[in-house]
Amino acid sequence: MKHPLENARILMYSHDTFGLGHLRRCRTIAHALVQEYSGLMVLIVSGSQIAGAFDYRARVDFVKIPSVIKLRNGEYSSLSEHIDVHDTIKMRRSIIRHTAESFDPDIFIVDKEPMGLRGEIEETLAYLKAKGTTLILGLREVMDAPRLLDAEWKRNDVMGKIDRTYDHIWVYGPPDFYDPLTGLDVPQSVRDRMEFVGFLQRRSAQEKLSEKRRESDYLLVTTGGGGDGADLIDNVLNAYLHDPSLTQKALVVLGPYMPGDQRTEFLRKGQAIPQVEVIEFDTRMEELIAGSAGVVAMGGYNTYCEILSFDKPALIVPRTTPREEQLLRATRAAELGMIEMLLPEEAADPARMAAALRALPHRPHPSDAVPGLQLEGLTNIARLVGQDLHARAENPGALWIAK
């Protein structure tokens, strides 16, 4: 029998069809776990096209599966024009299963999609469950509008499968902010396995400051992956063009998934505005946020955690379709006074956007609205993982096979 944290293994699944949110969340959790436990290894299965662009700590690695992109109509398409999406899913399913067999994890953490993209991890979940692997589903604090999530899950009996499959359900937020399963018919057996761990705190890696880090304060404008961020970038640039008295510096980060023609146009447009610098992408967004006077964003989960972690005034212009996740999160945070929100149609008014940008550095910080704000997600996850690994080691009935 091995020591519970000596050569213990965690496998993580991140389907990554659109944007960077899932991979960045998994990477954050993985880094926190290997920092806490010196004997732990984490392997992330990711469909992100740019999984290799990020730095990974020792004992954290990733397996790249063929990329699938999510279209605006909600359908999926293979990234390769020469491979049918069904064949791509078949390859992904096979790679995931073989990775699980070879890696032989003690814990399997699944990000957001309970059965994976089009059910691609159901077979792997069944295999690992039979071996006694601890199966954990991690959910954002906001998933989607209840009517949309309920309809999506009922089509494939997702709630029933969660109930029959997972040992634990982690919610990456505090219970008093939002319940991701609100409005759904949730069995008590599922509720009993839910744990609200809290938001995931981010830290600035001071020893590796981003090359784009600025000495003076600036507004950081970010759309995450950038695939659907053109409207926000355009609205910010139009506000600066509309109001020459807006002198606050701005650093605009386009994102790696922004289409090439849009990227070229924004780089050109930004050159005409002295106060604005436009860059394509930076993998160390934590440093850029830490150095900013305020953040302008669409309000995806990771950006929101960074805003809270570095306690920055924030202006959020949420995406409202096809998912309402960002709208629900921004609405709740605005209710609490933590951020300012503009709806997309409001942000499209250059005068209104210019006024919001001018006021942003002087807005209250999130901690002003919620005194004693604590982000305990990573601490709680490390505690729960430690408890599980120790329990497995001490339980003679657990399948605990020396690697």
Side-chain angles (χ1 to χ4, degrees), residues 14-28 30-31 44-56 60-72 76-81 88 92 111-112 117 202 205 208-214 218 220-237 250-271 276-292 295-307 317-319 323 325-326:
S14 176
H15 72 289
D16 295 301
T17 59
F18 191 77
L20 297 171
H22 306 288
L23 174 61
R24 292 188 65 213
R25 182 163 52 244
C26 288
R27 177 174 166 269
T28 296
H31 284 183
I44 303 171
V45 176
S46 171
S48 173
Q49 303 168 42
I50 61 167
F54 292 89
D55 296 329
Y56 296 87
V60 177
D61 207 343
F62 70 94
V63 170
K64 171 73 173 64
I65 53 178
S67 297
V68 173
I69 56 174
K70 189 173 187 178
L71 306 176
R72 285 195 175 264
Y76 294 102
S77 173
S78 174
L79 189 62
S80 171
E81 298 176 1
T88 301
R92 287 167 58 110
D111 188 78
K112 193 254 178 188
L117 176 63
R202 309 304 166 88
K208 290 186 177 180
L209 288 178
S210 165
E211 294 176 0
K212 305 299 187 299
R213 180 75 179 265
R214 296 301 182 270
Y218 49 86
L220 178 69
V221 184
T222 173
T223 62
D228 57 355
D231 288 345
L232 176 59
I233 302 296
D234 203 37
N235 292 339
V236 169
L237 297 180
L251 176 61
V252 178
V253 184
L254 300 179
Y257 295 141
M258 181 167 285
D261 55 342
Q262 294 176 351
R263 187 182 302 118
T264 300
E265 171 60 18
F266 289 141
L267 289 168
R268 182 201 63 77
K269 195 170 182 177
Q271 289 178 346
V276 173
E277 180 177 3
V278 181
I279 63 175
E280 296 196 35
F281 183 51
D282 193 306
T283 59
R284 301 191 184 109
M285 289 302 295
E286 293 90 348
E287 280 76 23
L288 297 184
I289 290 180
S292 72
V295 178
V296 183
M298 297 167 66
Y301 179 83
N302 290 288
T303 303
Y304 188 67
C305 284
E306 288 159 353
I307 288 167
V317 183
R319 179 179 67 224
R323 294 195 181 277
E325 167 220 344
Q326 294 180 355

Of all heavy-atom pairs between Tyr218 and Leu288, which one has the smallest distance, and what is that distance?
OH-O, 2.6 Å
Of all heavy-atom pairs linking Ala30 and Ile44, the shortest is CB-CD1, 4.2 Å
Rounded to the nearest 0.5 Å, how far apart are OG1 of Thr264 and NZ of Lys269?
14.0 Å
Can you tell me how far the CZ atom of Arg319 sits from the CG atom of Asp231, to the nearest 0.5 Å?
12.0 Å
Apply side chain to side chain contact (heavy atoms under 4.5 Å, CB included) to residues Met285 and Thr303 and explain how you reach the verdict.
CA-CA 9 Å; Met285 289 302 295; Thr303 303; over 6 Å; no
Quick one: does any side-chain atom of [X] pair with a main-chain N or O of [Y] as donor and acceptor, under 3.5 Å?
| X | Y | result |
| --- | --- | --- |
| Ser67 | Gly47 | yes |
| Arg27 | Asp55 | yes |
| Arg92 | Ile65 | no |

Less than 4.5 Å apart, side chain to side chain, heavy atoms only: is that true for [X] and [Y]?
| X | Y | answer |
| --- | --- | --- |
| Glu265 | Asp234 | no |
| Phe266 | Leu254 | yes |
| Asp228 | Met298 | yes |
| Arg202 | Ile289 | no |

Only counting residues at least two apart or in another chain, list the ones meeting side chain to side chain donor-acceptor pair (under 3.5 Å) with [X].
| X | value |
| --- | --- |
| Glu325 | Arg140, Arg329 |
| Gln262 | none |
| Asp111 | His22, Arg25 |
| Ser14 | Asp16 |

Return the set of residues passing ring-ring contact (aromatic ring centres under 6.0 Å, His included) with Tyr56 (not counting sequence neighbours), or none when no residue passes.
Phe62
Tyr301: what forms a ring-ring contact (aromatic ring centres under 6.0 Å, His included) with it, not counting sequence neighbours?
none
So, Tyr257 and Thr223: side-chain donor and acceptor under 3.5 Å apart, yes or no?
no
Could you go through the side chain to side chain contact (heavy atoms under 4.5 Å, CB included) check for Gln271 and Val278 one step at a time?
CA-CA 8 Å; Gln271 289 178 346; Val278 181; over 6 Å; no
Not counting sequence neighbours, which residues clear side chain to side chain contact (heavy atoms under 4.5 Å, CB included) with Thr283? List them please.
Ala53, Phe54, Phe281
Arg24: partners by salt bridge (charged side-chain N to carboxylate O under 4.0 Å, His left out), with sequence neighbours left out:
Glu286, Glu306
